[in-house]
Amino acid sequence: PLFDLLGMRVIVSRHALPGSVEADGFHWKTRTTVTPRVLNPATAIVHDGTRPPGDAVAGTNFRSHVWLPGTAAKDSACAQGGGTAQIGDVAYRANDVAIAYTADRPSWLVLNEINAPGWWAEVDGNEVSLLQANGLFRAACVPAGSHRLSFRFSPFRLLEAGWSR
């Protein structure tokens, strides 16, 4: 599941892998399963600290479950369980990923891209809480209805985050 979540399509090793092909002393295997970039998990698993427990994460079905830190997840509109969202157009720009969606009730949307200082989330131009999903990625609890979630980056916010520490 972790290889799927990380989007690893090819694994290269010096050692033989089940089903791998050898070339120039290396073994490589093409993977057929990769988790989509945008997920709508219905269940949030809340953990303490900045990272979820590694051994527990390894067996997670990331399509239906998301690991989120502490009280921020508990205090969200999605705390009782996320709704079902239909993901529409996903537009990538230099400092912005915009996701069109329609949700039956407040829902978790997870973007499987690294979260870092300088990123924030907006729904239709209104800022919403950005959470660190699955230890590395970006998540937001979004409202019901048809909306556009944007994950945005600004170097000014990055500097601001550094100065506030």
Rounded at 0.5 Å granularity, tell me how far NE2 in His147 sits from CG in Leu109.
11.0 Å

Closest heavy-atom pair and its distance - Tyr92, Leu111:
OH-CD1, 4.2 Å

Determine whether Phe26 and Trp28 fall in the same hydrophobic cluster, where Ile, Leu, Val, Met, Phe, Trp and Tyr are linked whenever their side-chain heavy atoms lie under 4.5 Å apart.
yes

Is a side-chain donor or acceptor of Asn95 paired with a backbone partner of Ser154 at a separation under 3.5 angstrom?
no

N/O donor-acceptor pair under 3.5 Å between Arg138 side chain and Ile114 backbone:
yes

What distance separates Thr60 OG1 from His65 NE2, expressed to the nearest 0.5 Å?
8.0 Å

Does any N or O in the side chain of Ser13 come within less than 3.5 Å of the main-chain N or O of His15, such that one atom is a donor and the other an acceptor?
yes

Nearest 0.5 Å, please: how far is CZ in Arg152 from CD in Glu127?
10.5 Å

Do Pro143 and Val123 have side-chain heavy atoms sitting under 4.5 Å apart?
yes

Between Arg14 and His27, which heavy-atom pair has the shortest distance, and what is it?
O-CD2, 3.5 Å

Is Val12 reachable from Val21 through a run of hydrophobic residues whose side-chain heavy atoms are each under 4.5 Å from the next?
yes

Under 4.5 Å between side-chain heavy atoms, counting indirect links through other Ile/Leu/Val/Met/Phe/Trp/Tyr residues: same cluster for Leu136 and Leu68 or not?
yes

Just wondering, do Ile11 and Arg31 contact through their side chains at under 4.5 Å, heavy atoms?
yes

If we only count heavy atoms from C-beta on, is the Glu113 to Val97 side-chain gap below 4.5 Å?
yes

Rounded to the nearest 0.5 Å, what's the gap from CG on Asn40 to OG on Ser107? Could you check?
5.0 Å

What closest approach, in Å, do Ala133 and Ala139 show between heavy atoms, and which atom pair accounts for it?
CB-CB, 3.6 Å

Val38, Leu130: one ILVMFWY side-chain cluster at the under-4.5 Å cut-off?
yes

Is a side-chain donor or acceptor of Asn112 paired with a backbone partner of Pro36 at a separation under 3.5 angstrom?
yes

Return the minimal non-hydrogen interatomic distance between Arg148 and Ala100, and the atom names on each side.
NH1-CB, 3.3 Å

Does Asn134 form a side-chain contact (heavy atoms from CB on, under 4.5 Å) with Val57? I'd like the steps, not just the answer.
CA-CA 8 Å; Asn134 301 324; Val57 170; 5.7 Å; no

Are Val128 and Val90 linked, directly or through other ILVMFWY residues, by side chains that come within less than 4.5 angstrom of each other?
yes

Quick one: pull up CD1 in Ile87 and CG in Asp89 and give me the separation to the nearest 0.5 Å.
11.0 Å

Kindly determine whether Gln86 and Tyr101 satisfy side-chain contact (heavy atoms from CB on, under 4.5 Å), including the steps that lead there.
CA-CA 5 Å; Gln86 298 300 314; Tyr101 74 90; over 6 Å; no

Take Leu39 and Arg63 through the side-chain contact (heavy atoms from CB on, under 4.5 Å) test and state the conclusion after the steps.
CA-CA 6 Å; Leu39 297 173; Arg63 292 174 189 259; 4.2 Å; yes

Taking every non-hydrogen atom, the tightest pair across Trp108 and Pro41:
CB-O, 3.6 Å

What pair of heavy atoms forms the shortest contact from Pro106 to Cys78, and how long is it?
C-SG, 3.6 Å

Applying ring pair (Phe, Tyr, Trp, His ring centres under 6.0 Å) to Trp119 and not counting sequence neighbours gives Phe153

Run the numbers on Thr43 and Val66 for side-chain contact (heavy atoms from CB on, under 4.5 Å), then give the verdict.
CA-CA 6 Å; Thr43 304; Val66 60; over 6 Å; no

